[in-house]
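This report concerns only the one structure given below.
Owing to the predicted nature of the structure, the values given are computational and were not obtained by experimental measurement.
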Amino acid sequence: MKIGVFICHCGSNIAGTVDCAGVAQRAAVYPDVVYSTDIMYACAEPGQDAIIAAIKEHGLTGVVVASCTPRMHEPTFRKAVERAGLNRYMFEMANIREHVSWIGKDKEANTNKAAELVRMAAAKLRLNRELKPKSFPVTKRVLVIGGGVAGIQAALDAADAGLEVVMVEKQPTIGGKMAKLDKTFPTVDCSSCILGPRMVDVAQHPNITLYAYSELEEVSGYVGNFDVKIRKKATYVDWDKCTGCGLCTEKCPSKKSYDRFNEGVGPTTAIIIPFPQAIPKKASIERDYCRLFNQGKCGVCSKVCPTGAVNYAMQDEFVDVKVGGIVAATGYDLVDWTVYGEYGAGRYPDVVTSLQYERMLSASGPTGGHIKRPSDGKEPKNVVFVQCVASRDPSIGRPYCSGFCCMYTAKQAILTKDHIPDSQSYVFYMDIRSPGKGYDEFTRRVQEEYGAKYVRGRVSMIYPKGDKLIVRGADTLMGGQVEVEADLVVLAVGGEAAAGSPGLAEKLRISYDGYGFFMEGHPKLKPVETNTAGVFLAGACQGLKDIPSSVAQGSAAAAKAIGLLSRNMLDSDPQIASVSVNRCVGCRKCIEVCPFKAIQEIDMRGQPKAEVIETVCQGCGLCNATCPQGAIQLSHFTDNQILAEVEALCRF
């Protein structure tokens, strides 16, 4: 074998703390190394051209590049060696940036460690074998999980490109959090006017099939050929017959149920249509509040329905769909702010959340767009906004900034002045974070034109005094405590990952962080891709963001799905596990640990054996590490290759 070694300077990233020329000189005497050199930027075009030229000139059959993380540039170098005529798997990469140069400044120690990593990579490369991918057909259909603004954008873009789209939304209507908003920042234009036409487009698009009030039950298969089971939850109303006339909601005698869409601001009925622009505009019964289900008698909605759509015997249904790609756009939830005892912990009716306030402001809300104190229905004059509630607070496990609270508070202060001209708004804030286009100007506008008084400091206590609320906090700019007498207090509650996100991540076989947000493949280079091929992210499920960013990410996820499914055939990654049936004893341990369900049991001459489903296997290696008989080997990372690296390190 003829191995070539290339040590990258990466400008001063590596060369600043590693003697790259010295590492190349040492590598020249390693077994089977016939060419070794250092290069300024290996990933740049001149660097790749130099590698290709060396392969051809010296007849190299394997290449080692020592540079930065393989996660970032391994595909780049694999393509380069392929252009030179080598198999892409006759290439190894040693990470001497993150693992060496960025750790410490001891140049001698760093140089020694870099040389060790290169020796290990060369030792493994000596045992590498050419691997060939296999091709398989794809299903040109996309599943979009979540019907918020990001999911809507992704679905429409994919459908407009000619792909079939299946959208699954767990609520009875699409629209997500944006559908609950009255206006949007920084333009203060009607949220429904923006979102409504897009929702109608989803309902009427010939390439989109919508399953509202449904959830993802199970996912199996692999990129290009996912098998998805969808649970259509029982609405107790036949949506094929329902015309959305609303007569049932008017006549329903159950008037005390909690209105989820209106965040509990006002009462609703047991049978509901969430809001006038709902898509689909169909009624559904909330079983927990229905008298018929709880008391065994009522049936008013069934009696008044002109189309006979009410069906109390309805059961959940399951739909099986095959898709080629999946876009997760499951949005976010507000953090439970009632953990704050100092803010009343939900005991004071005139302390509301920002989203509850949005429903008061909205013309389609329970108050018809009139701001009223929940306690007595009076119009408030002094409104206090408290920012960073459940954001930037490590004490409740939410140390991150939610990103949009500063802006929607400014918007709500403007709307308050528009609704009640003689009102006064106070905003307690930690820092104003307004990095978007026109955002900083917007926050200045609310203070300069609308007279909102911004107080820099945290609120330490909210307590009632007569029919008022006393908001006590600090003013760090003035250097003292302040108290404001408020008629209404609005808490700018931060966001968190949607309920059930970890469970959904496990179904999709993707990673999620410590807060439950889905993790992208790479924070810079793969912001909408995941570690599972064919699964993409859009919107706040990946991290909290505002509407423009969610829409942009929805389009980005759709573009990735369109690009993936534009081909009729896809290539599988040959770095997968394989079973030696002679050594397999059928213990099933590999089946139990495989996170991708890529191993199945087969019968071979009456004996149970394990078999790897090649297209499903992601090459994680868990089965390899678990098998007590050593019957499973991972291609490109065999036991012998790993041991060769260890031996090379020990002999150094």
With salt bridge (Lys or Arg N to Asp or Glu O under 4.0 Å) as the rule and sequence neighbours excluded, what pairs involving residues 609-632 come up?
Lys134-Glu614

Measure from NZ or CZ of Lys177 to the centre of the six-membered ring of Tyr332 and say whether it is under 6.0 Å with the direction within 45° of the ring axis.
yes

Leu622 versus Thr626, closest heavy-atom pair with distance:
O-OG1, 2.7 Å

Between Asn225 and Lys322, is any pair of side-chain heavy atoms under 4.5 Å apart?
yes

Is a salt bridge present between Lys229 and Glu217, judged by a nitrogen-to-oxygen distance below 4.0 Å?
no

Can you give me the closest heavy-atom contact between Gly148 and Glu169, atom names plus distance?
N-OE1, 4.2 Å

For residues 506-518, which side-chain N or O atoms pair as donor and acceptor with protein atoms under 3.5 Å away, sequence neighbours left out?
from, atom 1, to, atom 2, distance (Å)
Lys507, NZ, Leu216, O, 2.8
Arg509, NH2, Gly221, O, 2.7
Asp513, OD1, Tyr515, N, 2.9
Asp513, OD1, Gly516, N, 3.0
Asp513, OD1, Phe517, N, 3.0

Considering only heavy atoms from C-beta outward, does the side chain of Gln575 approach that of Ser635 to under 4.5 Å?
no

All pairs passing salt bridge (Lys or Arg N to Asp or Glu O under 4.0 Å) where residues 63-90 contributes a residue, at least two apart:
Glu74-Arg78, Glu82-Arg88

Rounded to the nearest 0.5 angstrom, the CD-CD1 distance for Gln600 and Ile613 is 4.0 Å

Heavy-atom check, side chain of Cys405 versus side chain of Ser391, under 4.5 Å:
yes

For residues 579-593, which side-chain N or O atoms pair as donor and acceptor with protein atoms under 3.5 Å away, sequence neighbours left out?
from, atom 1, to, atom 2, distance (Å)
Arg583, NE, Gln629, O, 3.4
Arg583, NH2, Gln629, O, 3.0
Arg588, NH1, Glu601, OE2, 3.4

Anything under 3.5 Å between a donor and an acceptor, one on a side chain of residues 123-131, the other on a protein residue two or more places apart or in another chain? List them.
from, atom 1, to, atom 2, distance (Å)
Lys124, NZ, Glu92, OE2, 2.7
Lys124, NZ, Asn128, OD1, 3.3
Lys124, NZ, His636, O, 2.7
Arg126, NE, Asp32, OD2, 2.9
Asn128, OD1, Gln641, NE2, 2.7
Asn128, ND2, Tyr89, O, 3.0
Asn128, ND2, Glu92, OE2, 2.9
Arg129, NH1, Leu127, O, 3.3

Please tabulate, for the side chains in residues 2-16, all donor-acceptor contacts under 3.5 angstrom to protein atoms that are two or more places apart in sequence or on a different chain.
from, atom 1, to, atom 2, distance (Å)
His9, NE2, Asp38, OD2, 2.7
Asn13, OD1, Trp102, NE1, 3.4

